[in-house]
There are 2 protein chains.
Amino acid sequence: MTAVPEAGRPVRLLLADDEHLIRGALAALLALEDDLLVVAEAASGPEALAMARAHEPDVAVLDLQMPGADGVRVATSLRAELPGCRVLIVTGHGRPGHLKRALEAGVRGFVPKTVSAQRLAEIIRTVHAGNRYVDPELAADAISSGDSPLTAREAEVLELAADGAPVVEIAERAALSQGTVRNYLSSAVSKLGVENRHAAVRLARERGWV
Amino acid sequence: MTAVPEAGRPVRLLLADDEHLIRGALAALLALEDDLLVVAEAASGPEALAMARAHEPDVAVLDLQMPGADGVRVATSLRAELPGCRVLIVTGHGRPGHLKRALEAGVRGFVPKTVSAQRLAEIIRTVHAGNRYVDPELAADAISSGDSPLTAREAEVLELAADGAPVVEIAERAALSQGTVRNYLSSAVSKLGVENRHAAVRLARERGWV
DNA sequence: ATCTTCCCCTGACATTTGTCATGCCGACCG
DNA sequence: CGGTCGGCATGACAAATGTCAGGGGAAGAT
């Protein structure tokens, strides 16, 4: 139950972020901490998985937005393959829904990139010790925005509408009549309290509900 | 005309990025270079301007996406107030149009965050020596996507339509008849070769034309 | 000077989208 | 069991949107 393993073996880290500049800088800063050791780096989701299998790190620090597979998906796979590896997600602009999905995927920590490196190092130790850490502000956002009020079909139709497709196309893809599609869209719009379907799509995206 | 001022006074840098983690890490890495000196940091557009006025750096390294005012806007102000200060823009996901606007604003360098810190240091020296540097891949994107085919009004109307506002509202805000607004929207859609206004907004955003 | 071309602007018409009333089915409760 | 509630689905009607033909004016070409 020691939070900081003073003289023990260091915490082995995997760092995954598609931005070289940031990943490298982060690796350099975390290397300054005596009890932390970066054993692998990755620039994409699949690469992160491969690196994790090869090096079996204690803690995986994953960016939420990566090419190939996002942080949450990687976390899900890791949970199955390497149960001993704790996952910490770092994100630029956190959406409430992402936090929820991340926690469901067994992620132990969730922090925005606005924290300092010093703070991040502390959080890595917290997570490694078996505790959880969620950024208070992101947690508050997630709680205040609550669960999705949308039903399964509403969310499905809204997702198909997300890229501006016309109703006919959505109806075809969902195997529904046009009237039904409009109805779901309308219902989603009123539940979300917005003006039109496009605002609904934006809001649902912000909240991470689609 | 010395590209690397070996024993001269160091290059004075301003670093602006809203993500603490990255800014701090970057500052630490650049500090390792003997000829570079970070004299100021900022987390927002206005703050970056204030810091620049106070410290008069040789080179300003600005993130493109910042609260308050984006990198290009800051660059425009800097050009007027501190003509001696070179501006280098760093961006996560570069849109072609942003590069063009940046160059028009007198920016001397434009690089994605996928470069290494080592490389960034070299580019800072290049820019400080009075030369320009634009990431080859971003430049290729910008050239292949070309100039905006939209007229001034078309772009204006498209921008007002960007957040899903209905035509009536756009017409009011632009002081136009509804028919005219629809016409501009329609023209933009056909010029961009897409299905509907929403796809047009997305494409124009991607290209940095709005 | 006149012609051509492009941009700006408009209203009328057809199409698409949003809203409403309605029916069906399964789940939950008394 | 019968009743009620919420999700799923539909078509009819009203409102918003996209498309079209066309007029006026400024800039550049012949």
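Just so we're on the same page: letters track the sequence lines, and every chain starts at 1.
Summary of the strand contacts: B:Gln178 and B:Glu154 both lie near DNA chain C, and taking for each the nucleotide with the nearest heavy atom, the more 5' one is attributed to B:Glu154.
Of the candidates C:dT10, D:dT17, D:dA9, the closest approach to any side-chain atom of B:Asn183 belongs to C:dT10. Minimum atom distance to the side chain of A:Pro166 is reached by C:dT17, of the listed C:dT17, C:dC8, D:dG18. The listed nucleotides are D:dC8, C:dT10, C:dT17; the one nearest the side chain of A:Val167 is C:dT17. Which of D:dT10, C:dC9, D:dG18 sits closest to the side chain of A:Leu176 comes down to D:dT10.
The OH atom of A:Tyr184 sits 18 Å away from the P atom of C:dC20 (whole-angstrom rounding). B:Glu156 has its CD atom 13 Å from the C1' atom of C:dC9, to the nearest Å. Atom CG of B:Leu185 is separated from atom P of C:dT16 by 17 Å (rounded to the nearest Å). In this structure, A:Glu195 places its CD atom 11 Å from P of D:dA16, rounding to the nearest Å. Protein atom NE2 of B:His198 is 8 Å distant from nucleotide atom P of D:dT17, rounded to whole Å. Distance NZ (A:Lys191) to C1' (D:dG6): 9 Å, rounded to an integer number of Å. Nucleotide C:dT16 holds its C1' atom 12 Å from the CD1 atom of A:Ile170, rounded to whole Å.
Between C:dT19 and A:Arg182, no contact under 4.0 Å exists linking OP1 or OP2 to a side-chain N or O. Under 4.0 angstrom from either OP1 or OP2 of D:dA9 there lies at least one side-chain N or O belonging to A:Arg153. Applying the 4.0 Å criterion to OP1 and OP2 of C:dC7, one finds that B:Thr151 has every side-chain N and O outside that range.
Under a cut-off of 6.0 angstrom, the local environment of CZ in A:Arg101 is crowded, with over 12 non-hydrogen atoms contributed by other residues, nucleotides or ligands. When the shell of 6.0 Å around CD of B:Glu104 is examined, it contains more than 12 heavy atoms from other residues, nucleotides or ligands. Remark: B:Arg73 CZ is loosely packed, at most 12 non-hydrogen atoms of other residues, nucleotides or ligands lying under 6.0 Å away.
In this structure, B:Ser186 reaches the bases: a heavy-atom distance under 4.0 Å links it to at least one base atom across the strands shown. Residue B:Thr180 is in base contact, counting any heavy-atom pair closer than 4.0 Å across all strands shown.
With no hydrogens or angles considered, a side-chain donor-acceptor pair links A:Ser187 and A:Glu154 at under 3.5 Å.
Each of B:Leu64, B:Asp63, B:Val61 was scored for a side chain to side chain contact (heavy atoms under 4.5 Å, CB included) with B:Ile89, with one residue passing: B:Leu64.
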